[in-house]
Amino acid sequence: MEMIMEEKDTELRDEGLRGNEKIEEAIAGLQQEPTQEMLAHALTVVRRRMKENGQLIVAVEPPAGGGQLLLQTVKTSDSKLWWAAFTGFEEELRGSDRVKSTFLADMGQLFATALQADGVEGIILNPWNRTLMLEKELIRIILGQQG
């Protein structure tokens, strides 16, 4: 029990992740009631966190042959690749099948980079539990760009 409290304290102290529970709550609401209104609400909450300089946790793969670090991807059943990002360390640890290197990424920069990335459909927030699939069109909406 002490270990869990310690982990929670660390997460609470990390300024960039503080407030991301609002995203998790909005996603939970969307999962319970998958309507356009609930999707719009979830996107609004993500945009608000982005404007508050919120951060997400991203896992990176070691570079092949000394190249750049690659963001970890998740392949969906339709064989499409998505970047994985997490609202908190608890979400990230749910799917830890192997040791990963992680870092905090600014939401706005991560979303803008995803729009430019070839070969990925978008970003999956919390792919193991409170999941929100942000395809590039939804990312444009969050960023306030016209598609």
Side-chain angles (χ1 to χ4, degrees), residues 1-62 68-77 80-147:
M1 185 67 179
E2 199 172 283
M3 184 70 159
I4 293 171
M5 290 300 290
E6 203 172 295
E7 193 175 298
K8 281 281 185 208
D9 289 347
T10 305
E11 190 165 320
L12 289 175
R13 274 185 263 134
D14 204 317
E15 195 67 40
L17 298 177
R18 197 172 301 146
N20 283 358
E21 66 278 354
K22 295 173 191 161
I23 295 173
E24 294 169 16
E25 290 165 11
I27 293 170
L30 177 62
Q31 288 175 333
Q32 290 171 356
E33 191 183 330
T35 63
Q36 288 297 314
E37 290 79 14
M38 291 303 285
L39 175 60
H41 172 69
L43 296 179
T44 300
V45 171
V46 172
R47 176 187 287 164
R48 198 172 299 139
R49 282 294 302 134
M50 178 186 76
K51 289 185 174 185
E52 294 169 356
N53 297 318
Q55 295 179 320
L56 294 170
I57 301 165
V58 290
V60 292
E61 305 278 352
Q68 291 182 311
L69 284 177
L70 300 172
L71 290 186
Q72 181 190 10
T73 57
V74 173
K75 187 183 280 193
T76 49
S77 58
K80 293 181 177 177
L81 289 178
W82 300 74
W83 283 348
F86 305 91
T87 51
F89 291 106
E90 195 176 290
E91 287 294 332
E92 187 258 328
L93 291 172
R94 286 180 193 274
S96 60
D97 50 346
R98 59 186 193 278
V99 176
K100 297 188 218 54
S101 297
T102 60
F103 67 93
L104 294 177
D106 174 82
M107 290 173 130
Q109 289 179 339
L110 181 65
F111 294 156
T113 304
L115 290 180
Q116 306 303 315
D118 292 328
V120 292
E121 296 299 308
I123 299 170
I124 295 182
L125 291 183
N126 302 331
W128 324 127
N129 183 31
R130 297 252 163 105
T131 302
L132 180 60
M133 296 175 79
L134 297 172
E135 58 209 18
K136 290 183 179 182
E137 189 55 40
L138 294 180
I139 292 171
R140 283 188 195 93
I141 290 169
I142 291 168
L143 291 172
Q145 298 177 0
Q146 299 307 312

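One-based numbering along the sequence shown. These numbers come from the heavy atoms of this one structure, side chains and all, not from hydrogens, waters or symmetry mates.
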task: Would you check, one step at a time, whether the test side-chain contact (heavy atoms from CB on, under 4.5 Å) holds for Asn129 with Ile27?
output: CA-CA 10 Å; Asn129 183 31; Ile27 293 170; over 6 Å; no

task: Take Ile123 and Leu110 through the side-chain contact (heavy atoms from CB on, under 4.5 Å) test and state the conclusion after the steps.
output: CA-CA 9 Å; Ile123 299 170; Leu110 181 65; 3.8 Å; yes

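For Lys80, the NZ atom counts as loosely surrounded, since its 6.0 Å shell holds 12 or fewer non-hydrogen atoms of other residues, nucleotides or ligands.
A donor and an acceptor atom, one from each side chain of Asn126 and Thr87, are located under 3.5 Å apart.
Taking both residues in full, the closest heavy atoms of Ala114 and Ile139 are given as CB-CD1, 4.1 Å, listed atom of the first, atom of the second, then distance. When every heavy atom of Trp82 is checked against every heavy atom of Met133, the shortest pair comes out as CZ2-CE, 3.4 Å. Pairing each heavy atom of Ala84 with each of Pro127, the nearest pair is CB-CG, 3.9 Å. The shortest non-hydrogen separation linking Met107 to Ile23 is CE-CD1, 3.3 Å. In terms of heavy atoms, Arg49 sits closest to Gly16 at NH2-O, 3.0 Å. For Gly119 against Leu81, the heavy-atom pair with the smallest separation is O-CB, 3.6 Å.
Separating the CD atom in Glu24 from the CD atom in Gln31 is a distance of 10.5 Å, to the nearest 0.5 Å. In this structure, the separation between CG on Leu115 and CD1 on Ile142 is 9.5 Å, given to the nearest 0.5 Å. Separation of atoms OG1 (Thr113) and CG (Leu71) is listed at 8.5 Å; rounding is to 0.5 Å. Here Glu121 contributes atom CD and Lys75 contributes atom NZ; the two are 12.0 Å apart, rounded to the nearest 0.5 Å. For the atom pair CD of Gln55 and CE of Met50, the computed distance is 13.5 Å after rounding to the nearest 0.5 Å. Here CG of Leu125 is found 9.0 Å from CG of Asn20. Values are rounded to the nearest 0.5 Å.
Checked by atom type and distance alone, the side chain of Arg47 pairs as donor or acceptor with a backbone atom of Ile141 at under 3.5 Å. When atom types are taken as modelled, the side chain of Gln145 and the backbone of Leu143 share no donor-acceptor pair closer than 3.5 angstrom.
Salt-bridge formation is not detected for the pair Glu25/Lys22: no Lys NZ or Arg NE/NH1/NH2 atom is positioned less than 4.0 Å from an Asp or Glu carboxylate oxygen.
In this structure, the side chains of Phe103 and Ile57 stay at 4.5 Å or more apart for every pair of heavy atoms. Side-chain contact between Leu132 and Leu138 is absent, with no heavy-atom pair separated by less than 4.5 Å. Side-chain contact between Phe86 and Thr102 is absent, with no heavy atoms from C-beta onward closer than 4.5 Å. No side-chain heavy atom of Leu104 sits less than 4.5 Å from a side-chain heavy atom of Val58. Contact annotation: the side chain of Asp106 never approaches that of Leu56 to less than 4.5 Å [non-hydrogen atoms, C-beta and beyond]. Contact annotation: the side chain of Trp128 approaches that of Val74 to within less than 4.5 Å [non-hydrogen atoms, C-beta and beyond].
For Thr35, the side-chain contact (heavy atoms from CB on, under 4.5 Å) criterion is met by Glu33, Glu37, Met38, not counting sequence neighbours.
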